[in-house]
Structure formats: structure tokens, C-alpha cells
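Here the structure comes first, spelled out in C-alpha cells, and everything after it is commentary.
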Amino acid sequence: MVILQACSLRSLQAPGSNRETSLKAAAEKLGLSIGVAVDATQLSKNSRYARIVREEFSSIVPENASKLDALLPKDSTYSFDQTDAIVAFARENKLSVHGHTLVWHRQIPNWISAKKRSSQEASKLLRNHISTVMSRYAKDIGSWDVLNEAVAARGGLHKSYWLESIGSSYIPNVFRWARNANSTAKLYYNENDIGISSRVGSKNESNSSHNYRRLVNKSEATYRLLKKLLANGVPLDGIGLQMHIRPRYTPSLEQLKLTLKRFASLGLDIRISELDVSLDIPVTEEKLLLQAEIYSEVFEACLSEPRCKSINIWGLSDAHSWVPVVFKNLDKATIFAADLQKKPAYFSILKTLNEWCQKHAADSPRCAN
Ligand code: 9MR
């Protein structure tokens with residue numbers, strides 16, 4: 001990771017001429033969709049939460065509502081309430097919805113995972129699920145994470161009920177089933193820890209560390225998997241790079257740009273699909289400023305790549321983030337504080353978006369108009 005120079009909060013907040021005052025307006029000018037992972041209960045019960053989602057974002061992703069365990073909690077009877085509520089909120093507020101996630105090795109309800117099924121039975125179940133859900137939301141959900149995290153940390157395929165029951169053919173098949181269910185939806189493969197690609201030489205000690213090599217291996221394994229799928233005619237429109245990052249494990253701007261270019265060279269659209277930047281506790285003002293710079297760098301990398309179409313923050317605020325729930329020593333990963341005040345990261349992203357065309361008018365297709 002490069003050492004970032006923390007700037008002051010005051011300079012981030014400084015007003016300028018011709019500036020947009022919401023993330024959504026500033027991003028849309030550059031052809032970028034900005035989204036956030038949401039929760040249906042918060043949208044209906046927390047009016048400040050709902051207002052920020054409506055005003056600052058152009059797109060929403062159900063954080064948990066459309067996963068298999070939420071949709072099919074007990075048996076084959078669907079429970080669509082939460083996803084329906086999210087889709088209705090999007091419709092009322094003219095937001096787009098990205099679906100997350102049709103197939104994953106986690107959050108599979110017990111009644112499915114506890115039962116051994118033949119390849120045929122498991123394929124039928126999964127195919128029906130994909131078709132039922134995509135058909136129900138055909139008008140409202142224009143893009144989907146069809147498959148989430150199928151590659152293991154060391155390369156190879158991640159252990160999964162679907163891999164065990166169906167075999168590796170489940171991977172191309174889920175995309176084919178998705179295409180049959182909806183001929184126009186954009187179909188994404190979504191993966192974590194792939195922001196670093198081997199295209200970037202290892203220039204310093206940290207780049208040759210075990211962790212660095214592991215991330216490179218996973219990014220490369222994902223690249224090869226997608227290349228093979230495409231060569232075999234599997235319908236796949238895009239890749240989501242999750243980017244759950246920490247200052248210590250953040251790819252440099254150069255690494256990230258090259259990784260995005262590498263995936264784009266496969267002819268895929270790119271989403272930064274689940275961005276958050278976790279901080280070690282105790283969180284200080286200095287760490288929040290460093291976090292602001294890291295968020296901005298991810299936005300810069302995406303803006304530099306014409307095929308990078310959308311960035312999504314994973315959770316609206318620090319009170320709605322999965323990070324402290326899972327990691328005892330990490331916190332404050334989003335761009336709004338727990339009391340829903342804007343954090344330095346918010347201002348820094350807005351500034352990056354607003355200033356993009358001052359800095360890149362000559363070399364960025366996003367500034368053509
Ligand atoms: O943010 C989600 C959290 O609320 C859930 O408890 C968790 C359960 O697996 O999933 C989290 O979201 C994950 C996403 O669906 C896929 N990529 C990793 C995300 C963070 O774990």
C-alpha cells in the first residue's frame with residue numbers, strides 16, 4: 001500500500017464553484033452509478049436513513065434480503081416481503097436495484113444444506129430458484145450477482161453445497177439458467193479480495209509478502225475462471241470487485257487501476273460492488289482522514305476505467321455496517337457516522353467526483369459533455 005497523505009477535514013469540506021451537493025448528482029454527471037447496500041426495515045422505519053438513501057444514491061442493493069436463506073427460510077415457500085419492500089422503495093424514488101445474490105456458498109438455509117441431493121436434484125432446485133426470483137423481479141431488478149465468491153482464497157474453487165452436489169459445472173450453468181430466466185438482465189460474477197493483479201510488479205517488501213501473493217493468486221484465479229467462461233460462450237456481463245478493505249491491505253491506486261483494466265479487457269463491465277474501509281479501533285481523526293483518502297482512491301480508480309460503471313458502499317452508516325458485528329477490533333467502515341452525520345470519507349468522495357473533470361477533461365471520456 002502507498003502511504004497516503006492525510007488532508008484536513010476543512011479542505012475536504014471547502015465549497016467550490018459549480019459543485020454538486022449530493023454524491024448521486026456528482027456521480028451521474030460522470031456516468032457513474034453510486035449505490036448502497038440497504039435493509040428493508042431501516043428503509044421503512046428510519047426516515048433519516050431513507051432520506052439519505054433517496055438523496056445521495058442512485059442505486060440500492062439488498063444487503064441480505066434476497067439471499068437464499070432470506071427468501072426460502074423454512075421450506076420451498078418463498079418469503080418475498082423484504083425484497084418486495086426494497087424494490088417498492090426503489091420504484092417510488094426512481095432508484096435502480098442490483099440483485100444480490102442468487103448463488104453463494106453461504107446463507108443457504110438448513111433445510112437445503114442438510115439434505116444430500118443428486119446433481120440432478122440440486123440443479124433443479126437451483127435452476128427453479130434462479131428462474132423464480134429473476135422472473136418475479138424482471139421489471140425492477142436489471143442486474144444481478146448471479147454467483148458470489150466461487151473462487152477459494154488460494155485459487156481453486158471454494159467449497160460449497162452446490163460444488164459438492166452438482167460439481168464444477170454449477171458455475172457455467174447458473175449463468176445459463178439466469179440468462180434463460182431473463183434475457184436482458186446484466187449478469188455479474190461477484191468476488192472478494194481481487195483488487196490486486198499480477199500485472200503489477202512487486203516493488204517493495206510488502207508486495208512480496210505472503211498476504212500480497214495470496215491476493216494476487218486469487219485475483220489471477222478469478223481472471224482465468226472468467227476468461228474460460230467467456231471463451232465457452234457462458235453469458236456473463238460483468239464482474240463485481242467487493243473491496244472490503246483496510247488501510248494496511250489496500251491495493252495502491254496503480255494496482256487497482258491495472259486490475260480494473262485487466263478485467264475490463266475481457267469485455268466485462270465492472271462494479272465496485274461492496275466497498276467499505278474498516279479501521280482498527282480505537283478510531284482517531286487521523287484514521288478517518290486516511291480512510292477518506294482511501295475511499296477517494298477507489299473512486300479515482302473506477303473513474304479512470306471507462307467500463308467501471310458503478311460503486312456501491314456496503315452499508316449506509318457505521319451503525320448499519322456488518323464490520324463491527326464480525327470483527328471485534330475493526331469499526332467505522334462506511335461514509336456516514338452512526339448518528340448519520342457525513343464523515344470525512346463522504347466529503348472526500350464528493351470532492352473527487354466534483355473535481356474529476358477539472359483534472360481529467362483532456363483524458364477522460366467521462367468528461368466529454
Ligand atoms: O453484510 C452482510 C451481513 O449483514 C451478513 O451477516 C453476512 C452474512 O454472510 O453477509 C454480509 O454481506 C456479505 C455479502 O453478502 C457478500 N460479500 C461479503 C459481505 C460481508 O460479509
Side-chain angles (χ1 to χ4, degrees), residues 7 9-39 42-44 46-63 86-98 142-143 243 271-277 288-289 291-303 308-321 332-361 364 366-369:
C7 47
L9 179 56
R10 193 181 296 244
S11 77
L12 290 176
Q13 287 173 310
S17 57
N18 263 339
R19 297 290 163 83
E20 296 299 339
T21 53
S22 75
L23 297 179
K24 163 154 86 174
E28 275 173 2
K29 272 191 169 172
L30 303 173
L32 182 72
S33 156
I34 180 156
V36 63
V38 295
D39 173 69
Q42 291 296 326
L43 284 177
S44 70
N46 182 341
S47 57
R48 285 181 68 214
Y49 178 106
R51 183 173 54 76
I52 296 175
V53 172
R54 177 187 311 127
E55 291 177 357
E56 296 286 351
F57 296 93
S58 43
S59 172
I60 52 181
V61 188
E63 182 172 355
I86 290 172
V87 161
F89 179 89
R91 214 184 290 142
E92 275 161 33
N93 295 292
K94 300 194 169 48
L95 307 177
S96 65
V97 184
H98 177 83
S143 60
M243 309 281 315
R271 298 165 46 81
I272 304 294
S273 54
E274 303 182 14
L275 177 59
D276 54 27
V277 182
L288 289 171
L289 291 171
Q291 177 186 56
E293 294 205 22
I294 294 174
Y295 264 106
S296 278
E297 284 209 343
V298 175
F299 272 73
E300 271 184 51
C302 178
L303 290 170
C308 188
K309 302 284 173 69
S310 114
I311 302 191
N312 302 274
I313 316 285
W314 204 247
L316 182 68
S317 87
D318 292 341
H320 306 99
S321 165
K332 311 263 187 273
T334 75
I335 64 172
F336 287 89
D339 62 1
L340 295 178
Q341 295 298 317
K342 295 165 179 168
K343 289 170 61 182
Y346 170 94
F347 293 109
S348 156
I349 293 170
L350 188 60
K351 188 170 154 77
T352 301
L353 293 168
N354 273 328
E355 291 180 355
W356 181 256
C357 287
Q358 284 163 12
K359 294 184 180 155
H360 298 274
S364 176
R366 295 184 192 267
C367 304
N369 301 317

Side chains of [X] and [Y]: donor-acceptor distance under 3.5 Å anywhere?
X	Y	answer
Trp314	Thr334	no
Ser33	Ser310	no
Tyr346	Gln341	no
Asn312	Ser273	no

Distance in Å, [X] [atom1] paired with [Y] [atom2], rounded so as to fall on 0.5 Å steps:
X	Y	atom1	atom2	value
Leu316	Ser321	CG	OG	10.5 Å
Lys351	Trp356	NZ	CH2	14.5 Å
Leu23	Ile34	CG	CD1	4.5 Å
Leu30	Asn354	CG	CG	8.5 Å
Ile272	Lys309	CD1	NZ	13.5 Å
Arg366	Leu353	CZ	CG	10.0 Å

Do [X] and [Y] have side chains that get closer than 4.5 Å, going by heavy atoms?
X	Y	result
Phe89	Val38	no
Arg48	Asn46	yes
Leu303	Cys308	no
Val61	Val97	no
His98	Arg271	yes
Val298	Ile349	no

**Item:** Test log, rule side chain to side chain contact (heavy atoms under 4.5 Å, CB included), inputs Leu95 and Phe57
**Value:** CA-CA 8 Å; Leu95 307 177; Phe57 296 93; 5.7 Å; no
With a 3.5 Å distance limit and no angle check, can you tell me whether [X] reaches the backbone of [Y] through a side-chain donor-acceptor pair?
X	Y	result
Asp39	His320	no
Lys24	Glu56	no
Lys332	Val277	no

**Prompt:** Under 4.0 Å between a Lys/Arg side-chain N and an Asp/Glu carboxylate O for Glu20 and Lys29?
**Reply:** yes
**Asked** Charged N to carboxylate O below 4.0 Å: is that the case for Arg19 and Glu355?
**Response** yes
**Request:** Would you check, one step at a time, whether the test side chain to side chain donor-acceptor pair (under 3.5 Å) holds for Ser296 with Ser348?
**Result:** CA-CA 6 Å; Ser296 278; Ser348 156; 2.3 Å; yes
**Asked** Nearest heavy-atom pair of Leu350 and Ser22: which atoms, and what distance?
**Response** CD1-O, 3.6 Å
**Item:** For the student: nearest non-hydrogen atoms of Ser317 and Ala337, plus distance
**Value:** CB-O, 3.4 Å
**Request:** Could you walk me through whether Asp318 and Lys343 pass side chain to side chain contact (heavy atoms under 4.5 Å, CB included), step by step?
**Result:** CA-CA 10 Å; Asp318 292 341; Lys343 289 170 61 182; 2.8 Å; yes
**Message:** Applying side chain to side chain contact (heavy atoms under 4.5 Å, CB included) to Thr352 and Tyr295, what does each step give before you reach the verdict?
**Reply:** CA-CA 10 Å; Thr352 301; Tyr295 264 106; over 6 Å; no
**Message:** Could you walk me through whether Ile60 and Val36 satisfy the side chain to side chain contact (heavy atoms under 4.5 Å, CB included) test, starting with their C-alpha distance in whole Å, then the side-chain angles of each, then the deciding distance to 0.1 Å, before giving a yes or no?
**Reply:** CA-CA 5 Å; Ile60 52 181; Val36 63; 4.1 Å; yes
